[in-house]
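Everything below concerns the one structure shown next.
Below, chains carry the letters A, B, ... as their sequence lines are ordered, and counting in each starts from 1. In what follows, every heavy atom counts, from backbone to side chain, and hydrogens, waters and symmetry copies are set aside.
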There are 2 protein chains.
Amino acid sequence: MTGAQRPTLEAVARLAGVSRATVSRVVNGSTTVAEPIQEAVRRAVAELGYVPNLAARTLVTQRTDSIALVMPEEATRVFSDDQVFPGIIRGAAQELEAADKQLVLMLAGSPAGHERVERYTSGRHVDGVLFASLHGADPLPGRLARLGIPVVCSGRPLDGADVPYVDVDHIGGVTRAVRHLIEQGRRRIATIAGPQDMVAGIERLAGYRDTVAAAGLPELVVTGDFTRESGGAAMRRLLAVHPDVDAVFAASDLMAHAALRTLRESGRRVPDDVAVIGFDDIETAAYTEPPLTTVRQPIQELGREMTRMLLRMAAGERVDPLLLPTELIIRQSA
Amino acid sequence: MTGAQRPTLEAVARLAGVSRATVSRVVNGSTTVAEPIQEAVRRAVAELGYVPNLAARTLVTQRTDSIALVMPEEATRVFSDDQVFPGIIRGAAQELEAADKQLVLMLAGSPAGHERVERYTSGRHVDGVLFASLHGADPLPGRLARLGIPVVCSGRPLDGADVPYVDVDHIGGVTRAVRHLIEQGRRRIATIAGPQDMVAGIERLAGYRDTVAAAGLPELVVTGDFTRESGGAAMRRLLAVHPDVDAVFAASDLMAHAALRTLRESGRRVPDDVAVIGFDDIETAAYTEPPLTTVRQPIQELGREMTRMLLRMAAGERVDPLLLPTELIIRQSA
DNA sequence: TTGTACGCGTTATCAG
DNA sequence: CTGATAACGCGTACAA
């Protein structure tokens with residue numbers, strides 16, 4: 001059973017005693033076909049088990065009715081428990097559901113994978129491409145855009161390509177967070193920064209720097225990569241160098257979570273001795289010990305807005321970058 | 001800039017002063033083209049920014065060089081922290097990497113999504129389809145198989161369709177787990193079963209039933225859906241009805257984890273008062289309090305084997321269902 | 001080694 | 001309202 005020669009439009013037409021064109025019309029729901037003929041065609045379709053060949057259709061319509069969401073990450077990182085990717089995916093899925101388009105997810109963690117994704121998307125296998133979380137100056141979004149393929153990134157592309165993007169207001173969120181610490185009288189405010197090859201990491205650090213500098217406070221910076229492990233290690237380094245720190249802004253909740261634990265292990269009380277603020281507002285933030293004060297970013301909304309932007313582009317509209325608001329959620333850690 | 005008329009093989013041929021056929025040969029790496037001509041063609045390709053149209057290529061080659069991994073779940077569940085889906089994805093990705101094929105992930109949580117996935121896959125948009133975690137008697141795998149599309153499921157399809165599958169040895173694993181409990185002298189052995197619309201749920205319960213029955217022990221069954229929340233609730237119901245339970249086999253580590261917590265809250269010591277065994281061996285199983293004894297399933301291996309099986313099918317080979325071994329990992333909870 | 005010509009399965013245009 | 005017929009962009013026998 002190697003495929004049993006799939007039935008084509010031609011076969012259906014013969015069986016129904018009509019032309020290919022008519023079958024095509026029925027299949028695509030045109031109303032200009034006489035009822036009895038529609039009926040005959042439908043029977044033939046059912047009897048033969050006809051299914052339209054998408055490649056052939058795409059070739060003439062120039063559409064695939066599917067869009068790609070590319071995650072330039074390894075599977076393990078995509079599926080970590082910060083729910084950032086899942087949030088974007090859900091947002092995109094919702095919006096595409098309404099547009100009746102298929103979402104195809106692609107991982108591009110390895111160099112080979114990255115290259116394969118490029119072939120796939122630039123070969124017009126999808127009507128548009130969404131990029132979640134770019135690393136470094138990835139040239140792919142820019143290249144696809146130059147090919148005339150609609151592209152939207154989450155966050156401003158670091159290679160300076162003129163590609164539309166949606167992002168959350170990192171700077172605004174961090175600024176509010178650090179000010180909150182300052183208003184509490186904290187004076188030795190450190191940050192556990194995120195990876196500096198990602199916009200989110202860069203901007204959150206910039207927001208911290210500007211705000212402490214404006215207040216005439218010193219910069220205390222250690223760096224992690226958004227994961228729990230890196231957060232714990234960073235916090236230990238911080239304590240070793242600056243044992244007198246009285247507040248920490250961590251660029252992700254995962255890192256903040258680890259920091260909480262490290263601080264406790266070092267005998268410090270949160271928030272009494274050291275205040276901690278995270279970023280993301282992941283689900284577990286409300287259940288940490290103590291509950292985590294954090295900057296909430298509307299991650300699902302991000303996925304939805306990226307998708308809407310992409311659909312508008314695919315429809316030929318011009319679009320502008322969009323910044324989504326963030327919000328300081330005050331719990332007990334600061 | 002609405003697409004700027006993408007260059008075709010024809011355009012490249014004109015610019016290079018050769019025929020379309022020759023360009024096609026160069027693009028596809030045929031060695032039978034004179035070096036200087038290859039060079040000229042390559043220059044023309046670069047200058048025009050030519051990228052092959054995949055739809056056209058597919059139409060003639062009847063291949064897409066991509067395969068789908070369908071997850072009939074909502075995004076939230078796929079991205080939960082049991083790492084089952086990520087494991088399958090990683091396994092599949094590894095194996096496809098070697099075959100230089102593109103992996104496309106599709107979620108089919110909603111009915112509409114399910115239908116869209118059907119259109120997409122049955123329209124020959126991919127060379128084959130992998131199904132992870134089927135619910136109930138999903139007819140899709142069987143239908144695709146009947147269309148001659150290579151399909152592999154994780155776990156025997158519940159609708160009885162004759163579709164090749166790979167699964168782990170649930171029964172063997174559970175049997176060893178329950179026997180381990182019996183050998184410790186446990187006599188009131190309960191189970192927190194998984195959802196009964198999934199093979200994994202069904203078989204793990206069957207394994208429990210057979211083993212306790214063979215030992216002449218009573219069946220104590222409560223049911224969850226593999227999630228932590230459901231596990232905690234199930235454990236509470238269990239304690240209410242059978243306060244004298246002295247061992248629990250939970251059909252997932254997530255549920256076992258919640259059971260551990262619930263037992264502690266009820267004042268019972270694990271394993272002294274109640275022994276607990278889980279299933280999966282997720283990463284956190286080693287870090288629970290106390291560390292969780294559990295049945296390890298080679299989940300990444302599952303993804304790899306499914307993929308290898310699919311590739312063999314696509315190559316025209318016949319394949320047989322495959323069962324991967326499970327292993328009892330003894331830690332401290334039992 | 002290179003070119004010619006046909007076909008892959010659809011949709012769209014245009015007569016009728 | 002229906003049916004020819006021409007694209008769509010590419011790979012590949014076959015011929016030269």
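- Comparing D/dG3, C/dT2, C/dT11 by their nearest atom to the side chain of B/A34 picks out C/dT2.
- Using a cut-off of 4.0 Å between Lys/Arg side-chain N and Asp/Glu carboxylate O, B/E97 and A/R116 are scored as salt-bridged.
- The side chain of A/N28 contributes an N or O atom lying less than 4.0 Å from OP1 or OP2 of C/dT11.
- Between B/T8 and D/dG9 there is no side-chain polar atom (N or O) within less than 4.0 angstrom of OP1 or OP2.
- As a whole-Å value, the separation of B/R124 CZ from C/dC8 P is 15 Å.
- Note on A/V51: only backbone sugar-phosphate atoms sit closer than 4.0 angstrom, heavy atoms only; bases stay farther off.
- The nucleotide whose nearest atom lies closest to any side-chain atom of B/R20 is, among D/dG3, C/dG3, D/dC10, D/dC10.
- Of all nucleotides listed (C/dT2, D/dG3, D/dG11), D/dG3 comes nearest to the side chain of A/S19.
- Among the nucleotides C/dG9, D/dG11, C/dT2, the one closest to any side-chain atom of B/V33 is C/dT2.
- When distances are taken from the side chain of B/S24 to each of D/dG9, D/dT12, C/dG9, the shortest belongs to D/dT12.
- Nucleotide D/dG9 holds its C1' atom 10 Å from the CZ atom of B/R6, rounded to whole Å.
- The side chain of B/V60 has D/dG9 as its nearest neighbour among D/dG9, C/dA12, C/dT10.
- When the side-chain nitrogen and oxygen atoms of B/T32 are compared with OP1 and OP2 of C/dT1, none of them lie within a distance under 4.0 Å.
- Between the P atom of D/dG9 and the CG atom of B/L48 lies a distance of 14 Å, rounded to the nearest Å.
- Between C/dG3 and B/T22, a contact under 4.0 Å exists linking OP1 or OP2 to a side-chain N or O.
- Judged by closest nucleotide on DNA chain C, B/R25 is the one of B/A56 and B/R25 placed further toward the 5' end.
- The aromatic rings of A/H125 and A/Y120 sit parallel to each other, their planes meeting at less than 30°, with 60° as the upper class boundary.
- Atom CG in B/L9 sits roughly 19 Å away from atom P in C/dC8 (whole-Å rounding).
- As a whole-Å value, the separation of B/L54 CG from D/dC8 C1' is 15 Å.
- Note on B/R63 versus B/D127: no salt bridge recorded, every NZ/NE/NH1/NH2 to OD/OE distance being 4.0 Å or above.
- Nearest heavy-atom pair, A/Y165 versus A/G155, reported as atom, atom and distance to 0.1 Å: CB-O, 3.6 Å.
- For the pair B/L59 and B/V18, nearest-nucleotide mapping onto DNA chain C gives the more 5' position to B/V18.
- In this structure, the side chains of A/R119 and A/E115 come closer than 4.5 Å at one or more pairs of heavy atoms.
- Atom CD in A/E10 sits roughly 13 Å away from atom C1' in D/dT5 (whole-Å rounding).
- Rounded to an integer number of Å, the gap from CZ of B/R57 to C1' of D/dC10 is 8 Å.
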Anything under 3.5 Å between a donor and an acceptor, one on a side chain of residues 40-49 of chain A, the other on a protein residue two or more places apart or in another chain? List them.
residue: A/R42; atom: NH2; partner: A/Q38; partner atom: OE1; Å: 2.6

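- When rounded to the nearest whole Å, the span between CD of B/Q62 and P of D/dC10 equals 17 Å.
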